[in-house]
Amino acid sequence: MGTDAYQLLRHEILHGPLMPGDRLRISELNERYRLGLTPTREALMRLASEGLVAWKSHRGGRVAPIDVEDFRDIIRTRREIGRLCLARAIELGDAAWEAEMMRSFHLLKRTPFPDFSDAAEKTVTWERLHREFHCAVFAACGSPWLLRFWDTLADQAGRYRKLLLVHAGAGPAVVHDFNREHEEIMHAVIARDLPAAIALQDRHFTQTEEAVARLVDRSVRSTA
């Protein structure tokens with residue numbers, strides 16, 4: 001039950017209705033999700049250790065608040081880890097790795113980019129396939145620790161990107177840009193062109209960083 005509570009609350013923070021700064025009262029969460037008081041408390045403490053919850057034992061907690069500099073630090077670190085993963089994957093990857101990368105890109109490209117008015121399931125589906133594509137790019141890097149760090153950073157970045165998907169929506173040009181950027185990264189990686197692959201990947205992350213940072217900055221200013 002504790003694991004179920006952790007997985008559910010984690011999903012609600014990363015993909016669901018729990019937004020940065022939302023108050024997390026154990027009694028209210030238990031009433032909403034029927035998880036049990038002890039499993040809920042344990043889940044919140046575990047999520048606090050991952051940086052997804054700001055927790056104080058006697059006062060409950062909140063979903064970790066948004067902060068522009070925190071987000072930029074996440075993206076900077078993500079780029080650094082991504083470069084290491086990319087270099088190793090290009091060196092070690094085989095034909096099966098290339099095929100899986102192409103398969104994951106095809107699925108992502110065929111999935112509509114979520115609009116702010118879409119049902120939550122559509123956003124979750126796109127986010128899952130988006131993450132699977134980037135994981136497929138790095139899958140051949142041969143380092144479980146690098147991939148573990150990448151997953152942690154992807155969770156943190158996804159928490160911020162959810163704000164963009166919820167509040168900003170996307171028009172056809174944005175969808176095209178995402179698909180084009182992913183395809184360019186894939187082709188550079190398959191061609192084993194490391195400098196081009198790193199440049200394309202960095203640009204992809206930076207563009208997302210700037211879009212989310214502008215939204216976060218507006219959100220912080222509006223609540224100041």
Nearest 0.5 Å please: distance from the [atom1] atom of [X] over to the [atom2] atom of [Y].
X	Y	atom1	atom2	answer
L147	F138	CG	CZ	8.5 Å
T206	Q201	OG1	CD	10.0 Å
L86	I185	CG	CD1	8.5 Å
I90	W97	CD1	CH2	6.0 Å
D151	L146	CG	CG	11.5 Å
D155	R159	CG	CZ	10.5 Å

**Request:** Quick one: sort the H134 and W150 rings into parallel, tilted or perpendicular, breaks at 30° and 60°.
**Result:** tilted
**Request:** Look at the side-chain heavy atoms of Ile, Leu, Val, Met, Phe, Trp and Tyr, link any pair under 4.5 Å apart, and say whether L92 and V189 land in one connected group.
**Result:** no
Distance-minimising heavy-atom pair for [X] and [Y]:
X	Y	value
A43	A5	CB-C, 3.7 Å
L129	L107	CD1-O, 3.9 Å
A48	W55	CB-CB, 3.6 Å
L194	A87	CD1-CA, 3.7 Å
A54	P65	CB-CD, 4.5 Å
A64	G51	CB-O, 3.5 Å

**Request:** Please confirm whether R79 makes a cation-pi placement over F205, using NZ or CZ under 6.0 Å from the six-membered ring centre and within 45° of the ring normal.
**Result:** no
Are the side chains of [X] and [Y] in touch, meaning some heavy atoms are under 4.5 Å apart?
X	Y	value
T77	E80	no
H182	K109	no
Y33	L8	yes
V53	R62	no
N30	P39	no
D193	P195	yes
L108	W126	yes
L24	L18	yes

**Prompt:** Is the side chain of Y160 donor-acceptor paired with the backbone N or O of D67 at a distance under 3.5 Å, no angle test?
**Reply:** yes
**Prompt:** Looking at R180, E184, E181, which hits side chain to side chain donor-acceptor pair (under 3.5 Å) with H204?
**Reply:** E181
**Item:** Stepwise salt bridge (Lys or Arg N to Asp or Glu O under 4.0 Å) check, E42 with R46
**Value:** CA-CA 6 Å; E42 292 173 350; R46 185 175 174 185; over 6 Å; no
**Prompt:** Can you list the steps and then say if V68 with R72 is a side-chain contact (heavy atoms from CB on, under 4.5 Å)?
**Reply:** CA-CA 6 Å; V68 175; R72 291 190 184 280; 3.7 Å; yes
Taking only Lys NZ, Arg NE, NH1 and NH2, and the carboxylate oxygens of Asp or Glu, determine whether [X] and [Y] approach each other closer than 4.0 Å.
X	Y	result
R103	E100	yes
R131	E127	no
R10	E50	yes

**Asked** What's the verdict on side-chain contact (heavy atoms from CB on, under 4.5 Å) for L29 and L44, showing C-alpha distance, side-chain angles and the deciding distance?
**Response** CA-CA 10 Å; L29 292 173; L44 290 174; 3.9 Å; yes
**Item:** Check against side-chain contact (heavy atoms from CB on, under 4.5 Å), M19 and I13
**Value:** CA-CA 6 Å; M19 301 299 290; I13 290 171; over 6 Å; no
**Message:** Run M101 and F133 through side-chain contact (heavy atoms from CB on, under 4.5 Å) and show every step you take.
**Reply:** CA-CA 6 Å; M101 190 172 13; F133 168 74; 4.2 Å; yes
